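As the structure is a computational prediction, the values presented were derived from the model and not from experiment.
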Number of protein chains: 2
Amino acid sequence: MDILVDDLTRRLAQRIRLERDQRGWSLADLAKQADVSKATISKIERAEVSPTAAVLVRLASAFDLTFAGLMLRVEGSNERLARAGKQPIWRDPETGYLRRQVFSSPVHPVELVRVELPPKQSVTLPASSYAHIRQLVWVLSGSLTITEGGARHELASGDCLGFGPPAETTFANETNAACTYVVALARS
Amino acid sequence: MDILVDDLTRRLAQRIRLERDQRGWSLADLAKQADVSKATISKIERAEVSPTAAVLVRLASAFDLTFAGLMLRVEGSNERLARAGKQPIWRDPETGYLRRQVFSSPVHPVELVRVELPPKQSVTLPASSYAHIRQLVWVLSGSLTITEGGARHELASGDCLGFGPPAETTFANETNAACTYVVALARS
DNA sequence: TCCATCTGTCCAATATAATGGAATTTTCCG
DNA sequence: CGGAAAATTCCATTATATTGGACAGATGGA
């Protein structure tokens, strides 16, 4: 049994179903939005196939998400208690950007992420990553510059910013010390 | 021509090739690491196929990435800013319980609160406090015992618990050191 | 220069994904 | 409770992904 693939297939099934239900869409509704057949979506939601990237990007687009945004939601957990030692960590080798998925669950609307951004580094996320979510960013240490759409914000340690409607957003650490911040978001 | 899919296929091709080259791997090397055939990887890198999720998760794993992490590389946020110095703080004189309202806004559904619970102290909130909200609790330091309805949870530093339906909840610090935790909540 | 090895692409076969429409199940309303 | 409508699943077919091994070209060392 290939646990890596089976786990992914199951999580994808749950997430596609959850996103569809949250929008009050039928299979036919989503099929039309995504230009993918009802039968395919039904098989995906019942974990009967491993869909191609072409199908997934269309589904993500229908949900107003990027492919990466969809997969970030897929890779959360159903458990209510997320132990520190089991929280997924991802590091970008190029920038040193370190991201800890503190809590994410398809059955809970709140999500928490802890990020460490090294000196002089930045990350940019497209507006589509923010569709149907509302987000806060709280700086634990260091300084963070957030450019959201046209608005620029300088956040010092302890400051917290609430985001508005979806817009392309850049997080930049323009100082010589690492910046640590928390992202709290709610899915609508 | 489906631009969304074509663009994704081309970006995937470039990224898989780049990640492989950066590691100095041949097609055979990556095929072995990922348990995917050389021919498949060759076709992916030449944008000749749209790979399945099963294949992509194996490739991501071979590169020591999550699927979402891989896709992030393939692809590229009212007073809305709450300054640390202006965040309301409330201390209970009897228990020493210290609560900082990091972020709260009528026009933003997410709320963040930082709590410091002294040793051997506890707070109990009725179920009605949780109506129409969904909440997470993330322990920054110390240990926290949460009794939610009939369920009891022991949280160590770094652990995070997602709450279920409204129930009377007790937060208790049964240790001899202060406990600091963050509450993230979303209003529905 | 030649040969062995490595690397990437091609090929035919197999496995699986995706589909349109039919069939079945579920839901809702009178 | 029954029937209509909506939603989901099934089916047979087509399209495409994946594969092991063959093949062609590149590379490096004797």
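Between A/Val137 and A/Leu155, the shortest heavy-atom distance links the atoms O-CD2, 3.9 Å.
Counting non-hydrogen atoms under 4.0 angstrom, A/Thr40 reaches a base of the nucleic acid. Within 4.0 Å of B/Ser26, counting heavy atoms only, lie sugar-phosphate atoms of the nucleic acid but no base atom. Across all strands, A/Arg20 comes closer than 4.0 Å only to sugar-phosphate atoms, never to a base (heavy-atom distances).
Put simply, CG on B/Leu27 and CD1 on B/Ile44 are 10.0 Å apart, with the number rounded to the nearest 0.5 Å.
Across the protein-nucleic acid pair, A/Ile16 atom CD1 and D/dT8 atom C1' stand 17 Å apart, rounded to whole Å. We find that CG of A/Leu12 is positioned 12 Å from P of C/dA17, with the value rounded to whole Å. Here C/dG21 presents its P atom at 17 Å from NZ of A/Lys43, a figure rounded to the nearest Å. As rounded to whole Å, 12 Å separates atom P of C/dT19 from atom CG of A/Leu30. Atom CG in A/Asp29 sits roughly 13 Å away from atom C1' in D/dT8 (whole-Å rounding).
Distance from the side chain of B/Ala39 is smallest to C/dC10 among C/dA17, C/dC10, C/dA18. With distances taken from any side-chain atom of B/Val49 to the nucleotides C/dG8, D/dT18, D/dC10, the minimum falls on D/dT18. Side-chain proximity of A/Arg17 to D/dA17, D/dT8, D/dT18: nearest is D/dT8.
For the pair B/Lys38 and B/Pro51, both in contact range of DNA chain D, the more 5′-proximal nearest nucleotide belongs to B/Pro51. Summary of the strand contacts: B/Leu27 and A/Ile41 both lie near DNA chain C, and taking for each the nucleotide with the nearest heavy atom, the more 5' one is attributed to B/Leu27.
For A/Arg58 and C/dA18, the shortest distance from a side-chain N or O to OP1 or OP2 is not below 4.0 Å. Taking side-chain N and O atoms only, B/Arg46 has no distance below 4.0 Å to OP1 or OP2 of C/dG8. Not one side-chain nitrogen or oxygen of B/Ser37 sits closer than 4.0 Å to the OP1 or OP2 atom of D/dT18. For D/dT16, neither phosphate oxygen OP1 nor OP2 lies less than 4.0 angstrom from any side-chain nitrogen or oxygen of A/Thr52.
The pair A/Arg99-A/Glu75 does not meet the salt-bridge criterion, since no charged nitrogen lies less than 4.0 angstrom from a carboxylate oxygen.
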Practice problem: Report the C-alpha distance between A/Tyr97 and A/Phe171 in whole Å, list the side-chain angles of each, state the deciding distance to 0.1 Å, and finish with yes or no for ring pair (Phe, Tyr, Trp, His ring centres under 6.0 Å). | Solution: CA-CA 11 Å; A/Tyr97 168 97; A/Phe171 299 78; 8.4 Å; no

Quiz prompt | Trace of the side chain to side chain contact (heavy atoms under 4.5 Å, CB included) decision for A/Leu144 with A/Leu161 | solution = CA-CA 11 Å; A/Leu144 187 67; A/Leu161 174 70; over 6 Å; no

